[in-house]
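These figures come from a predicted structure and were not determined experimentally.
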Amino acid sequence: MLAHISSKDLITHLKELVGNSNTLTDSATTQPYSQGYRFGGGEVLAVIKPGTLLEIWQALQLCLKANTAIILQAANTGLTGGSTPDGNEYDRPIVIINTMRIDQIHLLDNAHQIIGFPGSTLFGLEETLKPFGREPHSVIGSSCIGASIVGGVCNNSGGALVQRGPAYTELSLFAQVLENGELQLVNNLGIDLGNTPEEILTNLESQTYNNKDNLQPEKRASDNEYHERVREIDADTPARFNNDGRRLYDSAGCAGKVAVFAVRLDTYPIVKQQVFYVGTNDAKVLSTMRRDILSGFKSLPVSGEYMHRDCYAVTKKYGKDTFLVIDKLGTKYIPKMFSLKRTVDRIADKLTFLPTKISDRIMQALSYLWPNHLPKRMEDYHQQYQHHWILEMSGEGIEEARSYLKTFFAKHEGDYFECTPDEGDKAILHRFVAGGAIGRYHIMKRKEVGAMMTVDIALRRNEAEWFEQLPAEIDSLVQDKFYYGHLFCHVMHQNYVLKKGVDAKKLKQQILTSFDARGAEYPAEHNVGHEYFAKPALKNFYRKLDPTNSFNPGIGKTSKFKNWL
């Protein structure tokens with residue numbers, strides 16, 4: 001072990017460890033890693049991109065010897081800034097360890113489980129599992145912008161799939177800094193990989209283990225109780241939320257407070273699915289349907305994705321380019337597109353006469369050249385109905401839904417149609433490019449509007465008034481509202497573009513206070529990042545994992561200082 005080293009010596013050692021080209025120190029090259037995808041950013045001493053698990057371990061040792069704070073980062077696609085610094089009010093330099101070069105995926109038990117390395121992505125896992133007729137916990141959404149498998153677990157990411165709940169495992173391999181400052185490797189993968197950190201990491205990476213080493217412990221590799229929890233429609237608590245103590249365990253929900261090397265997760269069989277498209281002008285119609293389906297159907301839905309008419313319209317206009325890339329080329333091209341965007345923006349930022357986010361402006365202009373990309377029946381519903389619900393069923397649930405919808409809409413306002421495979425794919429894809437589309441809208445309208453504010457809310461399972469009606473004094477401060485979400489889970493994503501001059505932080509606190517009064521929880525699935533306060537249960541979990549506050553300090557608006565001072 002090295003004695004204490006200076007920041008200058010640290011850079012030298014890191015270059016020796018991972019190579020000059022994978023050690024970034026000037027602001028022009030570190031900026032894509034130190035600035036959040038949508039939120040946050042700050043100065044860093046260095047960004048390194050190790051190529052092996054052992055290099056991560058060795059880099060961690062060096063950083064601790066140099067008394068730096070450490071942020072492990074994968075795709076940097078988080079929506080609340082949780083994988084970058086937040087400002088510059090830290091008492092130590094910060095080193096970001098970007099793990100995207102380390103993207104192995106190991107298949108266990110004929111692909112019924114997998115081991116995902118820190119840089120492995122959801123879309124990569126989806127492609128790996130297809131030949132086995134299986135799929136990962138999340139199959140689109142974050143996956144379409146390259147989010148990592150490990151990041152989903154660390155952030156308790158929820159996903160849209162009703163039967164699966166948040167990303168969760170009790171089986172992982174991670175390093176943590178103990179109270180005495182010692183770095184310790186914890187192997188809770190349930191696989192015998194050796195005794196020393198060097199043995200464990202090398203044997204895992206080289207896949208030097210066999211079936212007899214592949215133990216099957218009693219620990220969970222998914223939230224296998226969620227399908228029961230979501231059916232409890234009269235419960236006065238949310239189905240899933242980030243601060244849920246039920247699902248804070250080791251790496252699960254850690255938000256980067258430990259260095260995660262690998263996670264072990266369940267996979268799921270691919271089954272035949274059918275999409276039904278529902279439209280109504282009465283939010284209570286969807287409330288009734290939700291309760292009927294969750295309480296009365298033998299088969300749980302696959303998903304039930306909600307979009308408001310205004311969200312549909314802004315997504316149609318400002319999400320077209322992302323939609324077309326995924327539709328025509330597949331999700332595997334999205335990381336390349338985002339990498340190119342960041343490169344273009346980084347170069348353009350040096351040229352002060354060019355507008356900010358020029359890549360978005362170019363892509364938006366190009367999207368106008370393409371004709372309307374949405375199916376006619378969806379477009380007709382957009383004209384007729386305020387509320388849109390994309391109901392996806394599988395197996396016996398398909399016939400259940402057919403019978404139910406026919407009877408239901410004979411008596412209630414609204415209508416539905418059974419999608420063709422092409423319509424179903426496009427309906428789901430349209431919903432999942434909504435988040436990026438709203439961000440694009442704000443970029444394009446920046447001179448005309450104020451700040452953009454997002455709220456990620458988990459409503460009580462028995463909440464009747466799920467569709468928000470803002471008080472007049474708050475509504476008068478908002479230019480545009482865009483609502484979408486996972487209606488069966490009562491997880492809503494609510495985006496507000498404010499009028500010029502409105503104090504976004506003050507207004508957001510007013511809105512969050514109103515949700516506190518209704519028994520809602522937040523954030524629901526994006527983690528606290530640097531945008532939300534970590535509530536006591538979550539803060540205590542962070543301090544237990546990281547007593548010296550060495551990893552990702554300041555997360556959840558906690559202390560940025562060593563030892564939590």
Side-chain angles (χ1 to χ4, degrees), residues 137 156 158-166 168 222-247 273 275-280 282-308 387-409 411-414 416 431 455-469 483-494 514-525:
H137 167 270
N156 283 136
L161 302 179
V162 179
Q163 302 164 18
R164 301 179 190 176
Y168 179 74
S222 62
D223 187 352
N224 58 0
E225 299 172 338
Y226 184 76
H227 64 284
E228 299 171 353
R229 184 174 175 84
V230 76
R231 285 191 182 270
E232 296 170 358
I233 56 175
D234 292 317
D236 62 358
T237 56
R240 57 180 169 93
F241 55 98
N242 193 253
N243 192 45
D244 187 356
R246 296 169 54 255
R247 292 297 175 253
Q273 297 174 356
V275 174
F276 300 87
Y277 201 94
V278 175
T280 180
D282 185 354
K284 292 181 180 178
V285 167
L286 299 189
S287 296
T288 302
M289 290 180 64
R290 173 184 173 270
R291 291 182 63 87
D292 287 350
I293 292 170
L294 288 178
S295 63
F297 275 32
K298 180 180 178 182
S299 301
L300 268 179
V302 175
S303 67
E305 291 301 290
Y306 170 77
M307 289 184 83
H308 184 266
H387 303 290
H388 296 234
W389 201 17
I390 306 161
L391 177 61
E392 190 176 9
M393 303 298 300
S394 64
E396 296 178 0
I398 296 173
E399 276 304 321
E400 280 188 289
R402 280 194 184 115
S403 175
Y404 170 81
L405 291 168
K406 184 176 180 180
T407 303
F408 183 85
F409 281 108
K411 303 175 182 177
H412 294 83
E413 185 274 334
Y416 77 99
R431 155 63 185 89
V455 179
D456 174 31
I457 291 291
L459 301 172
R460 291 178 293 116
R461 283 168 280 177
N462 64 356
E463 176 64 74
E465 302 297 328
W466 63 269
F467 184 69
E468 182 178 66
Q469 300 291 337
Y483 296 147
Y484 61 93
H486 317 302
L487 194 56
F488 282 118
C489 305
H490 260 187
V491 167
M492 302 303 297
H493 303 303
Q494 305 188 164
S514 73
F515 280 114
D516 288 336
R518 294 170 60 188
E521 291 280 355
Y522 51 85
E525 61 182 5

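In this structure, H308 and H387 have side chains that are in contact, with non-hydrogen atoms separated by less than 4.5 Å. Under the 4.5 Å side-chain criterion, counting only non-hydrogen atoms from C-beta, Y522 is in contact with I457. Side chains of F515 and Q494 form a contact here, defined as non-hydrogen atoms less than 4.5 Å apart. No side-chain heavy atom of R247 sits under 4.5 Å from any side-chain heavy atom of R240.
Considering only residues two or more places apart in sequence or on other chains, Y226 meets the ring pair (Phe, Tyr, Trp, His ring centres under 6.0 Å) condition with none of them. Y416 is linked by a side-chain hydrogen bond (donor to acceptor under 3.5 Å, both in side chains) to nothing, counting only residues two or more places apart in sequence or in another chain. Legend: residues meeting side-chain hydrogen bond (donor to acceptor under 3.5 Å, both in side chains) with E521, ordered by chain and number and at least two apart, are K535. Residues passing the ring pair (Phe, Tyr, Trp, His ring centres under 6.0 Å) test with H486, sequence neighbours excluded: H493. For F408, the ring pair (Phe, Tyr, Trp, His ring centres under 6.0 Å) partners two or more places apart in sequence, or in a different chain, are Y404, H412. Qualifying side-chain hydrogen bond (donor to acceptor under 3.5 Å, both in side chains) partners for Y484, counting only residues two or more places apart in sequence or in other chains: none. Listed by chain and number, the residues in a side chain to side chain contact (heavy atoms under 4.5 Å, CB included) with D282 are T280, K284, V285, E413 (sequence neighbours excluded). Residues satisfying the salt bridge (Lys or Arg N to Asp or Glu O under 4.0 Å) test with E305, not counting sequence neighbours, are R431. The side-chain hydrogen bond (donor to acceptor under 3.5 Å, both in side chains) test applied to R246 returns D244, not counting sequence neighbours. Every residue meeting the side chain to side chain contact (heavy atoms under 4.5 Å, CB included) condition with S299, not counting sequence neighbours, appears here in chain and number order: E396, E400.
A524 and D456 get closest at one heavy-atom pair: N-OD2, 2.9 Å. Closest approach of Q163 and L300 over heavy atoms only: NE2-O, 3.0 Å.
Here the straight-line distance linking atom CZ of R164 with atom OG of S222 works out to 9.5 Å at 0.5 Å rounding.
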Check: residues 229-236 side-chain donor-acceptor pairs under 3.5 Å, at least two apart:
residue: R229; atom: NE; partner: A239; partner atom: O; Å: 2.7
residue: R229; atom: NH2; partner: P238; partner atom: O; Å: 3.2
residue: R231; atom: NH1; partner: L294; partner atom: O; Å: 2.7
residue: R231; atom: NH1; partner: F297; partner atom: O; Å: 3.0
residue: R231; atom: NH2; partner: F297; partner atom: O; Å: 3.2
residue: R231; atom: NH2; partner: K298; partner atom: O; Å: 3.3
residue: E232; atom: OE1; partner: R461; partner atom: NH1; Å: 2.9
residue: D234; atom: OD1; partner: R291; partner atom: NH1; Å: 3.4
residue: D234; atom: OD1; partner: R291; partner atom: NH2; Å: 2.7

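Residues Y168 and N224 bring no donor and acceptor atom of their side chains to less than 3.5 Å of each other.
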